[in-house]
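See below for the structure under consideration.
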Amino acid sequence: MATTTAPPVPVEGGRKRSRPGRLTRLSRGDRITIFVMAAVPTLLVLWLAWLPAIASVVLSFFRWEGVGSFDTASWIGVDNYKNIFTNYPPFRPAIEHNVIWLVALFLVPTPLGMFLAVLLDKEMRFSRFYQTALFIPVVLSLALVGFMWQLIYSPDQGLLNEITGGNTDWYGDPDINLWAVLVAVCWKQTGYVMLLYLAGLKAVDPTLREAATVDGASETQTFFRVVFPVMRPINVVVLVITFIEGLRAFDIVWVINKGRNGLELISALVTQNIIGEASRIGFGSALATIMLAISSVFVAIYVRVALREEDNR
């Protein structure tokens with residue numbers, strides 16, 4: 001049997017011509033561009049996120065009032081943490097309020113946002129208008145939301161008291177102000193959760209729903225047994241974001257009463273100790289480190305789940 005040989009590679013100027021499809025080496029300009037595109041964001045993250053976080057952890061082991069250079073700081077070990085857990089009365093209610101805040105975000109805006117996303121996914125009439133109306137609160141800052149709801153909660157001329165005929169100080173009464181604030185926060189958070197789930201629903205393969213319908217599944221069964229499990233990455237994102245929102249809540253309570261009188265939160269305690277009248281940098285850094293440690297647990301869970309999903313693809 002006759003054998004054939006591959007045609008020789010053409011030679012130009014004594015050098016072999018590269019075969020089609022072979023990767024060419026990057027030019028110097030391309031390498032510089034890639035380096036800059038990778039280095040600039042990395043440096044910004046290190047400067048704006050990692051360095052402050054590391055500095056907070058280091059400062060938490062010192063006593064420093066922030067006056068003068070760092071040479072005036074004195075090493076005290078874990079005394080700041082001991083004082084937080086044993087001799088700092090606002091810390092316990094702050095933890096309780098953060099837990100209540102977190103539970104409220106899970107129980108109200110999360111299922112409500114999912115329900116609204118399912119309705120809007122049906123391509124109902126004026127759905128674009130409804131999406132915009134529900135998403136507008138998301139783009140507002142919590143500080144502005146606090147001012148807006150002040151018009152509703154005002155004890156003298158507030159809309160709520162005008163309707164009910166009462167004179168309740170919704171923001172001033174420590175027994176109810178947390179719940180009043182949570183109503184405003186849930187109103188804002190619902191649109192965000194709705195948008196996340198709406199994006200997840202748009203990405204679900206329509207053939208899955210069609211197959212469930214052919215098998216005789218109802219619309220509710222199709223959602224909870226077919227659609228909802230497929231949106232597992234969205235569920236994890238909502239879980240992590242909700243937890244972080246519950247832990248870093250700050251703006252609205254600081255606008256109302258600087259996180260006092262029934263609105264104590266960990267983030268507000270950090271700010272009170274760092275930029276308040278006492279200015280205890282080390283003590284505030286210890287509180288911030290506790291927040292960082294708690295947040296890191298759920299962020300690590302999210303990263304692990306995300307990497308696992310990526311490996312399964």
Side-chain angles (χ1 to χ4, degrees), residues 45-105 141-147 150 171-175 177-182 184-185 242-299:
V45 170
L46 290 174
W47 180 36
L48 299 177
W50 283 99
L51 289 181
I54 295 173
S56 296
V57 175
V58 173
L59 287 172
S60 67
F61 298 101
F62 288 83
R63 179 185 290 111
W64 186 39
E65 286 70 30
V67 179
S69 64
F70 187 68
D71 296 337
T72 59
S74 57
W75 172 270
I76 58 173
V78 296
D79 287 354
N80 283 327
Y81 295 95
K82 291 180 180 178
N83 291 332
I84 289 173
F85 288 101
T86 61
N87 194 28
Y88 190 50
F91 181 69
R92 181 174 180 179
I95 291 291
E96 294 175 353
H97 294 164
N98 273 108
V99 172
I100 293 174
W101 199 292
L102 177 63
V103 173
L105 290 181
S141 68
L142 273 176
L144 181 58
V145 170
F147 284 124
Q150 177 65 42
Y171 274 169
D173 189 341
D175 294 329
N177 55 5
L178 178 64
W179 307 106
V181 170
L182 285 174
V185 172
T242 301
F243 181 85
I244 294 177
E245 287 293 328
L247 187 62
R248 72 181 185 92
F250 167 75
D251 313 54
I252 190 169
V253 299
W254 191 260
V255 168
I256 295 172
N257 62 5
K258 299 194 182 304
R260 299 184 176 91
N261 192 32
L263 291 179
E264 294 85 357
L265 294 174
I266 300 178
S267 56
L269 298 183
V270 174
T271 307
Q272 290 172 14
N273 284 277
I274 291 181
I275 66 173
E277 298 176 358
S279 185
R280 298 186 294 176
I281 305 298
F283 193 82
S285 297
L287 288 167
T289 302
I290 293 174
M291 285 186 60
L292 177 64
I294 298 174
S295 300
S296 299
V297 173
F298 282 82
V299 172

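Excluded from the calculations below are hydrogen atoms, water molecules and symmetry mates; all remaining heavy atoms, backbone and side chain alike, are included.
Ring geometry for Tyr81 against Phe61 counts as tilted: the plane angle lies between 30° and 60°, on a 0 to 90° scale.
Remark: side-chain polar atoms of Ser295 are not paired, donor with acceptor, to backbone N or O of Leu292 under 3.5 angstrom. A donor-acceptor distance shorter than 3.5 angstrom exists from the side chain of Gln272 to the backbone of Lys258, with no hydrogens or angles considered. Checked by atom type and distance alone, the side chain of Asn261 pairs as donor or acceptor with a backbone atom of Gly172 at under 3.5 Å. Side chain of Ser56 to main chain of Thr289: no donor-acceptor pair is present (N/O by atom type, distance under 3.5 Å, no hydrogens or angles). Without hydrogens or angle criteria, Asp251 side chain to Ser141 main chain gives no donor-acceptor distance under 3.5 Å.
Asn177 and Gly262 make their closest contact through OD1-O, 3.6 Å (heavy atoms, listed as atom of the first residue, atom of the second, distance). When all heavy atoms of Gly146 and Tyr171 are compared, the pair lying nearest together is O-OH, 3.5 Å. The heavy-atom pair separating Glu245 from Trp101 by the smallest distance is O-NE1, 4.2 Å. Closest of all the heavy-atom pairs between Ile84 and Ala286 is CD1-CB, 3.6 Å. For the residue pair Leu59 and Asn80, the shortest heavy atom distance occurs at O-ND2, 4.4 Å. The minimum heavy-atom distance linking Leu265 with Ala94 is given by the pair C-CB, 3.7 Å.
Contact check for Phe250 versus Val270: no side-chain heavy atoms found under the 4.5 Å cut-off. No side-chain heavy atom of Phe62 sits under 4.5 Å from any side-chain heavy atom of Ile281.
The number of heavy-atom neighbours closer than 6.0 Å to CH2 of Trp75, taken from other residues, nucleotides and ligands shown, is above 12.
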Full working for side chain to side chain contact (heavy atoms under 4.5 Å, CB included) between Ile266 and Leu247: CA-CA 8 Å; Ile266 300 178; Leu247 187 62; 4.3 Å; yes

task: Output, in order, the C-alpha distance, side-chain angles, deciding distance and verdict of side chain to side chain contact (heavy atoms under 4.5 Å, CB included) for Asn98 and Ile294.
output: CA-CA 12 Å; Asn98 273 108; Ile294 298 174; over 6 Å; no

- prompt: After noting the C-alpha distance and the side-chain angles of Trp254 and Leu263, does the key distance pass the side chain to side chain contact (heavy atoms under 4.5 Å, CB included) rule?
  reply: CA-CA 9 Å; Trp254 191 260; Leu263 291 179; over 6 Å; no

task: Verify side chain to side chain contact (heavy atoms under 4.5 Å, CB included) between Phe283 and Ile76, making sure each step is shown before the conclusion.
output: CA-CA 11 Å; Phe283 193 82; Ile76 58 173; over 6 Å; no

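In this structure, CZ in Phe91 is found 11.0 Å from OG1 in Thr86, a value given to the nearest 0.5 Å. In this structure, the separation between CG on Leu269 and CD1 on Ile274 is 11.0 Å, given to the nearest 0.5 Å. Here the OG1 atom belonging to Thr271 is positioned 10.0 Å from the CG atom belonging to Leu287, to the nearest 0.5 angstrom.
Judged as a salt bridge (Lys or Arg N to Asp or Glu O under 4.0 Å), the pairs with a partner in residues 74-94 (not counting sequence neighbours) are, in order, Arg92-Glu96.
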